[in-house]
Amino acid sequence: MSHLSTDRYNGTATKYCFAEFPSIKIYKNQTDKDWNNHLLFGDYIKILDTEVVNNRIRVRCRGNTGWVKVDEIRKDRLLEINFVDIGQGDGCHVVTPDDQHFIVDAGKGDNMERYLSWRFNLYDRKTPLPFLFKGIISHSDLDHYGGFKNIFKNDKINFDKIYHNCLVERPGDLPFGEVKNNHILGLVRTNDEMRALIGDQNNRKGTRSTYCKTLYECLKYSPDVEFIGLLEENRFVQDFDGSNTIKGLPFSLKVLGPIHEGSNGRHALRTINNTGKDKNGHSLIIKLQYDKARMLLGGDVNSEFGEIICNYYKSINRPDELEVDAAKACHHGSNHFNYDFLEAVNSAATIISSGDDESYAHPRPDAIGAFGKCGYGKKPLIFSTELARSNVELTMAKLKKLNMLVAKAESLATEIKKIDNDALTRNLKTQLLKTNKNLNSYLTKYGMINLRTDGSKMIIAQKLEKQASYGKWDIHKLEYSQSSGRFELSEAH
């Protein structure tokens, strides 16, 4: 009788490991090829028994118990970026190899909160999660920050830091504060400045008050949260500079924008005298790097500021600073892009986050074409949360069922508030819990683009419209090449 070597798994009482590159199967027994689940690179696997039988061990993962091959598991966790289908808007969940969690934008509605409830099984959890989230809000457009309100209100989720771009939209004649000599001077950089601004009730009522009201919600549920304004001159997101390592490999979160310019000895951002374009153009641009893998997470950078950003990095002799291996498309595939900016990014894979219920026709045909033309390699990858959602699971019949689930959840929640009967209330809450689990499953399984990397190998995956004999995922593999110094695409899996 042989047992799995201790250098292949983690833990003592609870033993666990992760799925190896690019994906693996959970087999129904020790010998057959029949499988009951298809796992992605980096999926968490609970080991039920370390005894090795026919080169397999007994495990549980994603609700299935079965067997996995010993040579298809790994001890170390990966970097994980989940581009959640939050409809029209942006939202992604980043998990580092040492289990730190970032929410980078959260869309407009409640899809990100529903995703987190599904991911961490928060439905009947009695206490908050044992770790604190870090939030990154690229800019003050509702389809990027609105969803944080639902997350802040979930008492199982707490934050220790909220990073932002220093432009805090507020009521009054000057939406970003003082402006002088074509520069915005009313920047909110420190925690004290932010708390004073959102603590003023005058900034939480009337036109343009929604952003301040949303941030104020965080104080109610995470009173010790620290608000941190980021500018390019800061260079790195706090605690994640170029000297930082995770699992012995370099890890950093570098701030590439907005571009800081001094004015009369004060911190300032340039204005082109258009509130909407200033707001979008000064979105945070974060470059996440883990070993060799580089990912770009930006907001709604537009054509005007895309040009400014490119010219800036050329002027300081860092023309390759924007180059990455995978990038979230700025502005949902809008036609308001700068071609030179896309050429500088030169990404092997681009992920577009967009929705159906909008009047912009995102992603635009010219944007999709430019992403491909400016991408790295002969076959640049373009993913879309909107297209990934267009599958057999959401036919008209399924949409009707989804609408019924939404209506039922709303009805049950309303009824619970009205009834003063503990036994009946418990029964209704049980029904609501089941309905929400079903609903959240629909909203999170389909449309999400999954990126996983160990720093030298990477997959980007989306669910197949219909399960195939070989699996249920459409997986694209990229591996770092020493000769080219880039991640190169290998065959789809």
Which pair of non-hydrogen atoms, one from G299 and one from S138, has the smallest distance, and what is that distance? CA-OG, 3.6 Å
Is it true that, when you exclude K254 itself, more than 12 heavy atoms of the residues, nucleotides or ligands shown sit nearer than 6.0 Å to its NZ? yes
Got a salt bridge between D43 and R62, using NZ or NE/NH1/NH2 to carboxylate O under 4.0 Å? yes
Worked check of side chain to side chain contact (heavy atoms under 4.5 Å, CB included) between I137 and I162: CA-CA 7 Å; I137 302 177; I162 299 292; 4.0 Å; yes
If you measure from the Lys or Arg side-chain nitrogens to the Asp or Glu carboxylate oxygens, is any gap between E80 and R119 under 4.0 Å? yes
What's the verdict on ring pair (Phe, Tyr, Trp, His ring centres under 6.0 Å) for Y211 and H139, showing C-alpha distance, side-chain angles and the deciding distance? CA-CA 10 Å; Y211 190 43; H139 66 298; 9.1 Å; no
Looking only at the aromatic ring of each residue, does the gap between the centers of F159 and H101 stay below 6.0 angstrom? no
With a cut-off of 6.0 Å (strictly less than), are more than 12 heavy atoms of other residues, nucleotides or ligands near CZ of R294? yes
Donor-acceptor side-chain pairing of H267 and H260 below 3.5 angstrom: yes
In this structure, CD of E169 is separated from OG1 of T207 (nearest 0.5 Å) by 10.0 Å
Side chains of R452 and L40: does their closest heavy-atom pair fall under 4.5 Å? yes
For S353 and G89, which heavy atoms make the closest approach, and how far apart are they? OG-O, 2.5 Å
What's the spacing between D192 CG and R189 CZ if we round to 0.5 Å? 13.0 Å
Would you check if Y290 and P250 make a side-chain contact, meaning some heavy-atom pair closer than 4.5 Å? no
Measuring from atom CG of D291 to atom CG of L79, what distance do you get when rounded to the nearest 0.5 angstrom? 11.0 Å
Passing candidate, side-chain contact (heavy atoms from CB on, under 4.5 Å) with F102, options V95, L253, I81: L253
Is there a side-chain contact between Y145 and T210 (heavy atoms, below 4.5 Å)? yes
Between the CD1 atom in I382 and the CD1 atom in I368, the distance rounded to the nearest 0.5 Å is 6.5 Å
Any idea which heavy atoms bring L215 and F227 closest together, and the distance? O-CZ, 3.8 Å
I228 side, atom CD1; Q238 side, atom CD - distance, nearest 0.5 Å: 4.0 Å
Under 3.5 Å donor-acceptor, N302 side chain and F305 backbone: yes
Step by step, work out the side chain to side chain contact (heavy atoms under 4.5 Å, CB included) result for S283 and N165. CA-CA 6 Å; S283 295; N165 71 338; 5.5 Å; no
Would you say the side-chain atoms of Q201 and N203 include a donor-acceptor pair closer than 3.5 Å? no
Cation-aromatic face contact R204/Y216, 6.0 Å, 45 degrees: yes
Look at K149 together with E113 and state whether they make a salt bridge at an N to O cut-off of under 4.0 Å. no
Got more than 12 heavy atoms from elsewhere within 6.0 Å of NZ, K373? no
Under the side chain to side chain contact (heavy atoms under 4.5 Å, CB included) rule, what do M448 and N450 come out as? Steps first, then yes or no, please. CA-CA 6 Å; M448 187 162 70; N450 304 266; 3.4 Å; yes
Pick out which of L256, L288, D325 makes a side-chain contact (heavy atoms from CB on, under 4.5 Å) with L296. L256
Quick one, S222 and F152 - any side-chain contact, counting heavy atoms below 4.5 Å? no
Got a second to check how far S347's OG is from L342's CG, nearest 0.5 Å? 10.0 Å
Check whether any side-chain heavy atom of L197 sits under 4.5 Å from a side-chain heavy atom of R195, and report yes or no. no
What are the two closest heavy atoms between P171 and N202, and how far apart are they? CG-O, 3.7 Å
Audit row: E226, N191, side chain to side chain donor-acceptor pair (under 3.5 Å) steps and yes/no: CA-CA 6 Å; E226 182 181 7; N191 185 46; 5.6 Å; no
Between Y313 and D320, do the side chains contain a donor N or O and an acceptor N or O under 3.5 Å apart? no
Nearest non-hydrogen partners of K180 and L185, listed with the distance: CB-CD1, 3.7 Å
Test F41 against every option in T453, L451, L78, I475 by the side-chain contact (heavy atoms from CB on, under 4.5 Å) rule and name the one that passes. L78
Has T96 got a side-chain atom pairing as donor or acceptor with Q100's backbone, closer than 3.5 angstrom? yes
Determine, stepwise, if the pair F83 / H93 fulfils ring pair (Phe, Tyr, Trp, His ring centres under 6.0 Å). CA-CA 7 Å; F83 298 92; H93 172 219; over 10 Å; no
Might you point out which heavy atoms bring N82 and Y115 nearest each other, and give the distance in Å? ND2-OH, 3.2 Å
Taking only Lys NZ, Arg NE, NH1 and NH2, and the carboxylate oxygens of Asp or Glu, determine whether R77 and D99 approach each other closer than 4.0 Å. yes
Please determine if R486 and E323 form a salt bridge, counting it only when a charged side-chain N lies under 4.0 Å from a carboxylate O. yes
Taking the side chain as every heavy atom from C-beta outward, state whether M194 and V168 have any pair of such atoms under 4.5 Å apart. yes
Can you list the steps and then say if K287 with E321 is a side chain to side chain contact (heavy atoms under 4.5 Å, CB included)? CA-CA 9 Å; K287 184 176 183 178; E321 186 70 272; 3.5 Å; yes
Test N338 against S303 for side chain to side chain donor-acceptor pair (under 3.5 Å), laying out the working first. CA-CA 4 Å; N338 177 263; S303 53; over 6 Å; no
Do N182 and N273 touch side chain to side chain, with heavy atoms closer than 4.5 Å? yes
Contact check, side chains of F133 and L129, non-hydrogen atoms, under 4.5 Å: yes
Quick one: which of E178, E261, R266 gives a side-chain hydrogen bond (donor to acceptor under 3.5 Å, both in side chains) with H183? E261
Would you say N111's side chain and D85's backbone share a donor-acceptor pair under 3.5 angstrom? yes
Can you list the steps and then say if D278 with T271 is a side chain to side chain donor-acceptor pair (under 3.5 Å)? CA-CA 6 Å; D278 284 344; T271 176; 2.4 Å; yes
Stepwise salt bridge (charged side-chain N to carboxylate O under 4.0 Å, His left out) check, R235 with D241: CA-CA 8 Å; R235 295 287 288 133; D241 63 20; over 6 Å; no
Between R125 and P128 (side chain of the first, backbone of the second, donor and acceptor by atom type, cut-off under 3.5 Å), is there such a pair? yes
